[in-house]
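Read the structure below first, then the notes.
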2 protein chains.
Amino acid sequence: MAENRTAKAAQTRAGIVDAALTLFRSGGYDATTMRAIADEAGVSLGSAYYYFSGKEELVQAFYDQLQLEHAAAAETAYDRSAFADRLRGVMESFLDVAEPFHDFGGQFFRNAADPRSPLSPFSPESAPAREASTDLMRRAVEGSDLKVAPALRQELPDLLWLLHMGVVLFWVYDDSPGQRRTRALVAGLVPLVDRSIRLTRLPLVRGLVDDGLGVVRSLRG
Amino acid sequence: MAENRTAKAAQTRAGIVDAALTLFRSGGYDATTMRAIADEAGVSLGSAYYYFSGKEELVQAFYDQLQLEHAAAAETAYDRSAFADRLRGVMESFLDVAEPFHDFGGQFFRNAADPRSPLSPFSPESAPAREASTDLMRRAVEGSDLKVAPALRQELPDLLWLLHMGVVLFWVYDDSPGQRRTRALVAGLVPLVDRSIRLTRLPLVRGLVDDGLGVVRSLRG
DNA sequence: GTCTATAGTGGGATAGAC
DNA sequence: GTCTATCCCACTATAGAC
């Protein structure tokens with residue numbers, strides 16, 4: 001993928017990514033033209049297309065950086081042992097890290113939503129970022145005080161990642177100042193999730209969960 | 001909005017929608033140009049833009065038609081009284097109606113995902129289609145044998161609509177032949193939802209649901 | 001009020017010379 | 001690897017025919 005034959009090529013490539021990130025930050029996705037990116041990077045339009053198949057591919061670089069920042073910010077969540085605290089920490093740290101990009105997050109999101117796009121969170125190209133993100137959830141579960149049936153525990157990181165995607169979706173659509181409503185959602189959701197998972201041990205609920213896990217597993221295969 | 005002064009205008013307008021739908025069907029969204037739509041409809045490019053502000057507005061017409069077809073196809077679901085049967089009927093009838101469009105559904109979906117786009121299912125412009133779709137869920141609940149606390153019953157149509165959106169999301173990403181996996185999801189999900197709602201009457205679960213409804217209501221306000 | 005013809009802008013993407 | 005020149009198309013604008 002990112003194997004650049006010469007050092008100079010790698011430098012040119014990095015310069016284009018830098019330029020794109022700068023312009024995306026200040027002007028959003030749609031308003032940032034490939035011409036402006038090439039100009040900012042000091043290369044021709046053709047060169048920009050030599051390194052990147054299109055504007056979309058430049059967004060992947062943006063995502064990767066956001067993911068790294070989220071992972072770093074989530075670190076403090078693992079200081080506590082209560083599952084709810086850890087989960088809330090991971091989810092809130094995303095909101096903190098992503099806040100500066102909220103205004104044009106939707107523009108990125110639009111491209112990510114295309115199933116055929118490599119930018120989709122479910123695409124093979126996104127697998128590394130997806131797994132890194134799922135790992136944040138796995139760590140929230142594994143070091144915590146949460147007691148849960150092994151079968152559910154195994155699926156939990158993936159399910160929590162899906163929940164995280166749902167929160168991100170809500171965040172994208174949230175136009176309240178400082179994304180206040182998404183923060184309220186997380187604050188309300190986390191205790192509910194925590195209690196729901198613990199309720200799993202009730203006999204009547206347990207049967208339901210087992211069947212649910214069966215559906216999940218059958219859809220994977 | 002769609003008030004056309006003369007019969008001729010209405011005919012021209014309908015012709016353009018028809019042409020767009022035909023071309024979307026055969027070639028997808030991106031590949032269909034406004035020029036081709038105008039040609040197919042036998043009008044000038046300027047005329048196409050006279051009636052529709054752009055390509056996106058043509059998609060809205062497509063959605064509206066799909067919604068109408070779904071409503072018609074869902075009618076048979078209401079013959080039965082068991083809630084699970086009614087819900088499954090509504091959900092499966094969507095899959096039946098939408099199947100011919102699956103291949104380029106994702107391209108539409110990309111535009112719909114932009115929060116600022118009128119095509120978004122949450123936009124004010126989509127309110128009529130959204131409410132019509134929610135009504136299908138309301139009818140699945142209201143004529144059924146389902147016994148559930150009034151507070152939850154009131155929110156149920158909106159919550160089921162959200163679930164439907166989730167299924168549509170899955171459907172968009174589903175590349176199995178005939179969307180077999182989405183059909184399996186619906187078949188697995190419906191009994192789970194049915195049982196979950198009934199479990200709501202358990203004292204321990206009830207407290208959880210009440211709190212969940214509290215979160216939902218606080219997010220609306 | 002409905003529609004055409006035409007001309008132009010901007011920007012994503014590509015071809016081919018160097 | 002890099003550039004220039006070009007294509008294509010969404011979209012706008014406008015003058016005027018009917």
Side-chain angles (χ1 to χ4, degrees), chain A residues 1-20 23-24 26-62 104 107-108 110-112 114 116-119, chain B residues 1-20 23-24 26-62 104 107-108 110-112 114 116-119:
Chain A
M1 280 259 174
E3 39 164 345
N4 296 291
R5 313 304 170 104
T6 70
K8 193 175 147 209
Q11 211 174 345
T12 307
R13 192 189 171 89
I16 295 170
V17 171
D18 265 7
L23 294 175
F24 283 157
S26 64
Y29 179 78
D30 285 342
T32 301
T33 68
M34 284 297 282
R35 283 168 175 77
I37 293 170
D39 274 2
E40 175 84 15
V43 300
S44 73
L45 180 63
S47 279
Y49 276 102
Y50 175 77
Y51 284 101
F52 298 93
S53 69
K55 213 167 154 182
E56 290 206 347
E57 209 173 299
L58 283 165
V59 177
Q60 193 86 52
F62 172 81
F104 53 95
Q107 296 174 347
F108 285 166
R110 191 187 57 208
N111 295 73
D114 189 336
R116 270 175 287 243
S117 164
L119 292 182
Chain B
M1 280 262 173
E3 40 168 343
N4 296 289
R5 313 305 170 106
T6 70
K8 193 175 147 209
Q11 210 173 347
T12 307
R13 190 189 171 89
I16 296 170
V17 171
D18 265 7
L23 293 175
F24 285 158
S26 64
Y29 179 77
D30 286 341
T32 301
T33 69
M34 283 298 280
R35 283 168 175 78
I37 293 169
D39 275 2
E40 175 83 15
V43 301
S44 72
L45 180 62
S47 274
Y49 277 105
Y50 176 78
Y51 283 101
F52 298 93
S53 69
K55 216 166 152 182
E56 289 207 345
E57 208 174 301
L58 253 0
V59 177
Q60 193 85 53
F62 170 80
F104 56 96
Q107 295 176 346
F108 286 170
R110 192 186 57 206
N111 293 72
D114 188 337
R116 269 175 287 242
S117 165
L119 292 181

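Scope of the values below: all heavy atoms of this structure, side chains included, with no hydrogens, waters or symmetry mates. Quick note on labels: first sequence line is chain A, next is B, and so on, each numbered from 1.
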Nearest to the side chain of M34(B), which nucleotide is it out of dC11(D), dC3(D), dT4(C)? dC11(D)
Side chain of S44(A) only, heavy atoms from C-beta on: which candidate in dC3(D), dT4(C), dG12(C) is closest? dC3(D)
If you take all heavy atoms of A19(B) and E40(B), which pair is closest and at what distance? CB-CG, 3.4 Å
Where do K55(B) and Y29(B) come nearest, in terms of heavy atoms and distance? NZ-O, 3.1 Å
Between F24(A) and F62(A), how do the two ring planes meet: parallel, tilted or perpendicular, split at 30° and 60°? perpendicular
Starting at [atom1] of [X] and ending at [atom2] of [N], how long is that distance when rounded to a whole Å?
{"X": "E57(A)", "N": "dG12(C)", "atom1": "CD", "atom2": "P", "result": "15 Å"}
{"X": "F52(A)", "N": "dG12(C)", "atom1": "CZ", "atom2": "C1'", "result": "16 Å"}
{"X": "L58(B)", "N": "dA10(D)", "atom1": "CG", "atom2": "P", "result": "11 Å"}
{"X": "E56(A)", "N": "dG12(C)", "atom1": "CD", "atom2": "P", "result": "12 Å"}
{"X": "D39(A)", "N": "dG10(C)", "atom1": "CG", "atom2": "C1'", "result": "14 Å"}
{"X": "Y29(A)", "N": "dG12(C)", "atom1": "OH", "atom2": "P", "result": "8 Å"}

Contact class for T33(A) vs. all strands (heavy atom < 4.0 Å): base, sugar-phosphate, or nothing? sugar-phosphate
N or O in side chain of [X] less than 4.0 angstrom from [N] OP1/OP2:
{"X": "Y50(A)", "N": "dT2(D)", "result": "no"}
{"X": "K8(B)", "N": "dT2(C)", "result": "no"}
{"X": "S47(B)", "N": "dT4(C)", "result": "yes"}
{"X": "Y49(A)", "N": "dA13(C)", "result": "yes"}

Please report the interatomic distance OG1(T12(B)) to NZ(K8(B)), rounded to the nearest 0.5 Å. 6.5 Å
CG-CZ distance between L58(A) and F52(A), expressed to the nearest 0.5 angstrom: 5.0 Å
Enumerate donor-acceptor pairs with a distance under 3.5 Å from any side-chain N or O in residues 41-49 of chain B to protein atoms, sequence neighbours excluded.
unit_1	atom_1	unit_2	atom_2	d
S44(B)	OG	G46(B)	N	3.4
S44(B)	OG	S47(B)	N	3.1

From the list T32(B), D18(B), V17(B), side chain to side chain contact (heavy atoms under 4.5 Å, CB included) partner of I37(B) resolves to T32(B)
Pairwise N/O distances under 3.5 Å, protein to nucleotides 6-9 of chain C:
none

